[in-house]
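Here's the structure we're looking at; comments come further down.
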There are 4 protein chains.
Amino acid sequence: MISNKIILNQKLDELRSTYLQVRNYTEKICEPLEIEDYVIQAIVDISPPKWHLAHTTWFYETFILSAHLPGYKVFHPRYSFIFNSYYNNVGERVLRHHRGNLSRPTVKEVYAYRKYVDEAMMSLFDHYENEESPPWNEALQLGLQHEQQHQELLWTDIKYLLGHNPLYPKYSDALPWEEKLIDASSTSFISMEKGDYFIGYEGEGFCFDNELNRHQVHLEAYSIADQLVTNGEFLEFIEDGAYSDFNLWLDEGWHWLNNNKITAPLYWDKIDGKWMNYTLKGLMPINKNEALNHVSFHEGFAFAQWKGMRLPTEQEWEAANKYFKWGERWEITRSAYLPYPGFKTAKGAIGEYNGKFMVNQMTFRGSSAVTSPGHTRFSYRNFFLPQLQWQYTGIRLAK
Amino acid sequence: MISNKIILNQKLDELRSTYLQVRNYTEKICEPLEIEDYVIQAIVDISPPKWHLAHTTWFYETFILSAHLPGYKVFHPRYSFIFNSYYNNVGERVLRHHRGNLSRPTVKEVYAYRKYVDEAMMSLFDHYENEESPPWNEALQLGLQHEQQHQELLWTDIKYLLGHNPLYPKYSDALPWEEKLIDASSTSFISMEKGDYFIGYEGEGFCFDNELNRHQVHLEAYSIADQLVTNGEFLEFIEDGAYSDFNLWLDEGWHWLNNNKITAPLYWDKIDGKWMNYTLKGLMPINKNEALNHVSFHEGFAFAQWKGMRLPTEQEWEAANKYFKWGERWEITRSAYLPYPGFKTAKGAIGEYNGKFMVNQMTFRGSSAVTSPGHTRFSYRNFFLPQLQWQYTGIRLAK
Amino acid sequence: MISNKIILNQKLDELRSTYLQVRNYTEKICEPLEIEDYVIQAIVDISPPKWHLAHTTWFYETFILSAHLPGYKVFHPRYSFIFNSYYNNVGERVLRHHRGNLSRPTVKEVYAYRKYVDEAMMSLFDHYENEESPPWNEALQLGLQHEQQHQELLWTDIKYLLGHNPLYPKYSDALPWEEKLIDASSTSFISMEKGDYFIGYEGEGFCFDNELNRHQVHLEAYSIADQLVTNGEFLEFIEDGAYSDFNLWLDEGWHWLNNNKITAPLYWDKIDGKWMNYTLKGLMPINKNEALNHVSFHEGFAFAQWKGMRLPTEQEWEAANKYFKWGERWEITRSAYLPYPGFKTAKGAIGEYNGKFMVNQMTFRGSSAVTSPGHTRFSYRNFFLPQLQWQYTGIRLAK
Amino acid sequence: MISNKIILNQKLDELRSTYLQVRNYTEKICEPLEIEDYVIQAIVDISPPKWHLAHTTWFYETFILSAHLPGYKVFHPRYSFIFNSYYNNVGERVLRHHRGNLSRPTVKEVYAYRKYVDEAMMSLFDHYENEESPPWNEALQLGLQHEQQHQELLWTDIKYLLGHNPLYPKYSDALPWEEKLIDASSTSFISMEKGDYFIGYEGEGFCFDNELNRHQVHLEAYSIADQLVTNGEFLEFIEDGAYSDFNLWLDEGWHWLNNNKITAPLYWDKIDGKWMNYTLKGLMPINKNEALNHVSFHEGFAFAQWKGMRLPTEQEWEAANKYFKWGERWEITRSAYLPYPGFKTAKGAIGEYNGKFMVNQMTFRGSSAVTSPGHTRFSYRNFFLPQLQWQYTGIRLAK
């Protein structure tokens with residue numbers, strides 16, 4: 001649920017400028033792409049960039065313009081079928097694994113679609129200029145958050161499609177972030193006392209329904225690392241034969257790695273005896289002092305076992321997160337993605353946003369280098385299937 | 001972990017008699033079976049009765065007799081390969097989905113194997129007669145608990161194999177339990193106050209490692225039904241079209257029921273316009289006043305949504321379970337099966353018992369009509385994949 | 001089509017005695033089995049012995065007794081559902097891959113079913129005693145041939161289920177046939193002249209519809225081996241690395257062996273460095289002088305390539321088969337199983353017998369050690385999928 | 001095998017001009033495409049247009065330029081890995097079902113690759129100007145035939161990818177062929193006499209190895225239709241319920257259509273009660289007087305059964321093909337794709353061209369509207385899996 005206060009305080013002018021900024025950043029991410037890159041869907045879990053561009057646009061068209069802008073005509077009658085993702089309430093849709101089969105609409109047409117909707121949105125802002133609290137306020141907030149989430153997916157999906165091409169094409173040498181270097185030998189553990197803590201969103205801003213209600217939890221004493229596990233530490237784990245020692249893995253993780261022949265984080269490859277790492281700047285030797293990246297929950301679990309430690313729960317993470325720096329990687333937790341006490345989904349299609357995925361997923365906390373600026377917060381809950389590696393994910397140990 | 005106290009207090013004579021009682025009950029369950037029934041594995045999730053009989057025996061042979069009875073010779077050198085279930089530490093094993101392909105050893109040979117091991121166990125008891133605390137004490141406790149769990153699986157797997165036969169054969173008219181009748185209109189809700197509660201095992205007896213550590217949790221105020229949902233209530237849910245309303249289901253549940261064409265609890269069938277229910281006494285009309293049986297977590301979730309309520313968490317269930325009667329069905333909770341604070345697995349093969357399944361499973365609490373007498377307790381945590389229906393499972397609502 | 005002449009000439013008394021003989025032989029094959037062996041279906045391609053026993057019985061009940069014996073009552077109303085194999089015209093049926101899931105009816109009940117039908121058949125013979133040509137004559141002929149085919153399947157399926165058991169149980173030391181020894185160095189090639197030959201059944205006896213019409217073909221000159229390839233010759237092929245040389249294999253064969261990790265004929269296993277062979281007499285070292293057994297069409301093709309020769313077509317085989325001894329193995333040909341000129345299927349369920357399988361199968365000619373006595377003839381056409389190994393199949397080379 | 005005579009007679013100048021013509025036509029076919037259309041692979045059986053463009057080019061580079069042009073440097077060292085199709089002798093390659101995952105090389109780069117190779121080929125022609133019979137003559141012939149085959153695949157694959165897009169985009173209004181109209185009521189049957197016929201290629205030109213040896217066959221009397229089955233006739237078949245009458249289908253065909261929910265030829269769709277047909281000119285109502293298109297062997301078989309007729313064998317087709325017009329559709333035959341007497345494959349990679357597919361495929365004869373001009377001949381043998389519908393295929397009846 002979107003907390004109402006902040007919406008009421010926001011001025012329409014501010015919202016209009018945020019809207020333009022968000023829309024612009026999405027297109028910025030795609031700038032270095034070739035047209036061909038927009039089209040492909042390398043595996044069922046990722047979507048073609050073209051689809052992200054149009055789907056985020058479809059969200060405003062469907063939930064705001066069609067509902068609230070008098071006289072609005074949809075750009076194309078079949079687009080709703082093509083660019084709906086999983087909102088059953090909005091009607092039938094193209095199956096996820098067919099998204100990469102669609103060469104049309106073309107990239108040009110998709111950009112025209114974006115422009116058409118952006119212009120209509122400007123008319124919408126004009127039309128409601130004098131209203132204190134226009135009826136689409138919440139939907140817009142959600143639409144912007146939604147587009148920011150797809151910005152992050154664009155980063156990960158672009159990396160996936162380029163990184164799985166046998167030519168290892170470079171995305172760009174100029175990325176909007178720098179990898180921080182970590183000295184693993186200086187890692188220390190923050191001690192947290194046994195006691196009651198409050199968990200969940202509190203404040204004046206936007207949050208997702210899954211961050212509410214804010215509620216009290218009791219935690220036993222624990223300690224948590226002040227920095228992330230590095231590539232160098234994980235190389236030791238690999239070289240110790242950990243990927244073939246079943247005692248370190250959950251049963252499901254053990255099957256996963258054997259069935260899929262997983263022997264390293266995604267994008268790591270031993271080429272001519274040397275460990276290489278595909279990055280958006282191209283293929284390069286692994287830097288041992290960078291934070292480990294692209295590991296699944298299962299790998300996080302096994303690494304912690306190997307270290308004789310464990311992963312933190314999401315409550316432990318949240319209770320301690322003011323004492324360490326975060327924001328480089330989504331951080332794996334030992335918590336399943338479940339509703340907080342008092343959790344309520346919204347009515348209708350927008351209510352399909354978070355709640356219906358609350359089974360068989362693990363919670364990841366923090367944010368990553370490719371999370372859109374301003375999108376995350378201390379209480380933000382991300383969730384992934386326990387075997388997925390394609391996100392910017394890393395490990396913070398607890399004990 | 002097995003708490004040591006109770007082991008120390010148990011006399012060898014008592015243990016010997018418990019051992020014989022447990023072993024005997026297993027064979028009692030199989031008494032009404034035809035030899036053919038012992039052999040088949042209807043689906044990968046269940047095992048042939050013959051396999052349960054031998055696998056429980058293999059446990060004592062491997063973890064107790066071979067280790068602790070001087071001069072013990074295994075019954076057959078290949079049996080370890082055939083009757084190991086999932087203990088990677090004990091060596092390679094027959095794949096789960098091949099268990100139903102094995103006509104040999106015969107049922108007669110399996111019973112001979114049981115007899116051979118039982119006799120060796122008697123020698124073991126004799127051999128250690130004068131020891132206060134023989135070194136196999138914990139393993140035996142676990143072996144007995146393990147066999148009790150397989151007794152329950154025998155009940156469910158026998159029901160599955162007979163209930164999926166087009167001849168609907170009856171198991172027996174004399175069952176060791178009676179279905180209690182429930183008047184759904186009299187259900188009331190127990191109010192529980194916001195506050196701190198203690199969760200996990202406490203006491204002098206045996207418990208599994210997953211019930212520890214006992215720890216404090218903070219719960220918000222809630223209320224929980226004093227009796228289970230009935231067949232009659234669930235029929236209303238079906239007749240309201242709930243199996244085709246995606247708004248009631250988790251995303252994964254919705255896919256599960258569509259991919260598998262699920263339209264009712266397991267063993268319910270509409271035959272010539274009339275709802276029938278396969279039971280161990282044969283096929284009969286659904287009794288609306290019995291507790292609902294054989295529903296998956298997904299169905300429990302959807303039913304609660306439809307009622308405008310929710311499922312309890314396992315902590316809520318445990319905090320309240322002294323105020324209501326339980327023991328007819330394993331009760332679905334909204335909790336994933338995760339480690340308690342301070343959870344530790346045992347070293348070696350026995351440590352593979354619980355911990356390695358702690359991902360992508362839901363916790364079920366209580367016990368069912370087919371749980372072996374004395375096997376359960378208030379803190380017992382069972383766990384099943386969210387789509388499985390073959391257990392004796394039911395729904396208790398919360399709000 | 002069944003040629004009518006021979007039916008008219010057959011006396012009822014003879015038929016009655018043939019019937020009893022065929023029925024008896026089926027049960028003879030099963031005599032050494034344990035009850036457990038009757039039940040299991042190791043893979044989808046084979047059926048449980050119990051099913052063969054009942055299915056052959058169902059054939060007489062359905063196509064003869066129900067149609068022609070006044071007052072006949074079926075043994076059990078659900079058996080038709082369970083024991084129909086693939087006759088769509090007779091109604092719905094248990095799916096092939098579920099046959100092994102059925103513990104009931106029991107073996108005892110199945111034998112009772114056989115007895116019931118046999119007695120009814122005796123009444124039928126009595127009832128039609130004075131008729132020259134009873135209306136069920138053709139159906140009975142087909143029923144007997146059908147049961148003989150299932151006798152052969154019993155041999156192969158029993159071998160499969162015992163040979164895939166980790167205990168390698170022996171079927172019996174007394175088999176109704178002896179393996180002939182072959183001296184590979186004495187193989188010579190029979191030269192056949194270019195010219196016209198007649199192919200297809202000719203004579204007074206029974207034949208299947210797929211052996212007709214007898215028709216003329218033109219063959220180029222060729223030569224064909226006078227004896228089968230031996231185990232010893234095939235070991236050389238294996239040891240030459242042939243299973244990993246793609247140039248020897250058809251594309252589909254190459255995928256088959258890689259996807260299924262095939263490295264030898266079925267039942268061959270290299271155990272502690274020694275090639276072993278599972279036979280119905282138990283596991284034993286490979287005898288190099290026996291005819292190779294249990295190879296698929298793909299293996300036959302690759303072996304011939306490796307030898308620089310080829311497989312014969314079925315026309316070449318038939319034109320030459322009076323010049324060599326055959327009857328030990330079904331012999332692989334380079335011919336697909338297709339209709340002869342003028343082929344006609346019978347009307348109704350009996351017409352589903354052969355014709356509907358005439359695509360994507362290869363023809364095998366001759367007969368094997370486990371073919372029922374009197375069941376085969378020079379023009380008999382058997383057919384198997386090109387990857388199946390479970391039959392008694394061998395290789396005769398041509399060039 | 002390529003017959004040598006014609007190669008010797010061909011002048012280098014002619015070959016050069018044929019080369020340029022063939023190369024040019026490939027690019028002509030792609031002219032109306034958007035860049036996005038080049039990239040996608042809708043199903044595993046088809047390939048992205050970009051891949052066809054590069055793969056045909058790779059063929060000349062690998063088998064001609066690298067082998068025979070002194071000093072030739074490959075355009076890109078990784079292209080052989082990406083654009084090899086199935087030639088195991090040339091090394092590892094991208095798996096067929098990953099071809100659509102490759103956004104790079106870009107379309108522009110692929111055209112640059114074509115240009116680079118074309119220029120090198122011009123140097124090759126110059127270099128060998130004075131040789132009567134340059135050593136790459138056969139490889140070039142095969143390369144040109146190969147590219148023509150991919151031209152046909154481009155037509156079918158482009159139709160597939162556009163025709164499966166929910167926007168039903170039009171390829172172009174100007175196609176290089178016209179659909180001929182057929183009056184079904186005027187179909188007559190050509191009578192062919194029983195006797196000996198010669199089958200296989202004879203002449204001075206190019207032919208594939210699978211058309212040789214020319215050989216004699218004996219055929220029974222038969223008759224064959226003088227024109228193809230029309231859309232109108234096939235609509236009657238559909239409306240008679242033929243897709244749900246198992247008696248009309250081969251067993252494998254019946255499973256195919258039920259598992260894949262096939263109810264009409266590819267590209268036919270009943271929209272708002274009206275039968276529509278996707279064509280390269282867009283979606284339009286079915287024209288009853290056009291030749292039926294896009295049916296599998298299974299549909300051809302069932303249609304012939306329904307008519308009380310049959311499909312011709314490929315020998316019957318070839319013996320009669322001078323008496324009727326053909327060239328609109330590849331025509332389904334009742335023959336499996338098998339070697340002719342005396343068939344020999346070439347050595348090395350080029351030998352992988354035809355022979356290794358000679359199992360589980362059906363032969364199709366003639367040529368279609370999208371076959372490249374000059375590519376086919378009376379003895380040409382095409383082959384497809386019996387369930388594939390994506391080719392321009394039709395039915396000619398026999399009896």
Side-chain angles (χ1 to χ4, degrees), chain A residues 86-89 194-199 213 215-222 245-254 256 297-298 301 305 310-311 313 315-316 333-345 347-349 351-352 354-363 385-387, chain B residues 86-89 194-199 213 215-222 245-256 297-298 301 305 310-311 313 315-316 333-345 347-349 351-352 355-363 385-387:
Chain A
Y86 57 75
Y87 300 85
N88 291 305
N89 281 297
K194 176 180 162 75
D196 288 336
Y197 294 87
F198 278 87
I199 296 297
N213 288 347
H215 62 287
Q216 191 177 339
V217 299
H218 183 88
L219 299 179
E220 303 299 310
Y222 66 102
D245 177 3
F246 56 80
N247 280 306
L248 299 172
W249 301 80
L250 290 168
D251 188 60
E252 193 180 297
W254 181 246
W256 164 70
F297 163 78
H298 286 306
F301 177 88
Q305 288 285 105
R310 61 178 180 80
L311 299 168
T313 65
Q315 288 79 17
E316 289 172 339
T333 76
R334 191 65 184 90
S335 298
Y337 179 52
L338 294 170
Y340 282 172
F343 171 75
K344 286 264 177 306
T345 46
K347 290 266 174 235
E352 295 189 51
N354 276 309
K356 77 177 182 183
F357 298 109
M358 287 179 173
V359 68
N360 282 2
Q361 311 242 14
M362 301 308 289
T363 307
L385 295 170
Q387 72 275 17
Chain B
Y86 57 76
Y87 298 86
N88 290 305
N89 281 298
K194 176 182 163 74
D196 287 336
Y197 294 87
F198 278 88
I199 296 296
N213 288 346
H215 62 287
Q216 189 177 340
V217 299
H218 183 88
L219 299 179
E220 304 298 310
Y222 66 102
D245 178 2
F246 56 80
N247 280 306
L248 299 171
W249 300 80
L250 289 168
D251 189 59
E252 194 180 295
W254 181 244
H255 284 100
W256 164 70
F297 163 78
H298 286 308
F301 177 88
Q305 288 286 106
R310 61 179 179 82
L311 298 168
T313 64
Q315 289 78 17
E316 289 172 339
T333 76
R334 190 65 184 92
S335 298
Y337 179 52
L338 294 171
Y340 282 173
F343 171 75
K344 285 268 177 301
T345 46
K347 288 267 171 235
E352 294 189 51
K356 75 178 186 184
F357 299 109
M358 288 180 171
V359 68
N360 282 3
Q361 311 242 15
M362 301 307 289
T363 307
L385 295 171
Q387 71 276 16

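Just so we're on the same page: letters track the sequence lines, and every chain starts at 1.
For the options Arg310(A), Glu220(A), Met362(A), heavy-atom pairs under 4.5 Å to chain B are most numerous at Glu220(A). Your options are Asp196(A), Leu250(A), Leu385(A), Leu219(A), and the one with the most heavy-atom pairs under 4.5 Å with chain B is Leu250(A).
For a residue to count as touching a neighbouring chain, one of its non-hydrogen atoms must lie under 4.5 Å from one of that chain's; by this rule Tyr337(A) does not touch chain B. There is no contact between Thr313(A) and chain B, counting heavy-atom distances below 4.5 Å. Heavy atoms of Asn213(A) lying under 4.5 Å from chain B are absent altogether.
Residues Phe301(B) and Val359(A) have side chains not in contact (no heavy-atom distance under 4.5 Å, counting atoms from C-beta outward). Residues His215(B) and His218(A) have side chains not in contact (no heavy-atom distance under 4.5 Å, counting atoms from C-beta outward).
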| field | Intermediate values then yes/no, side-chain contact (heavy atoms from CB on, under 4.5 Å), Gln216(A) and Lys194(B) | value | CA-CA 10 Å; Gln216(A) 191 177 339; Lys194(B) 176 182 163 74; 3.9 Å; yes
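Screening Gln361(B), Gln387(B), Glu252(B) against Asn360(A) for a side chain to side chain donor-acceptor pair (under 3.5 Å) leaves a single residue, Glu252(B).
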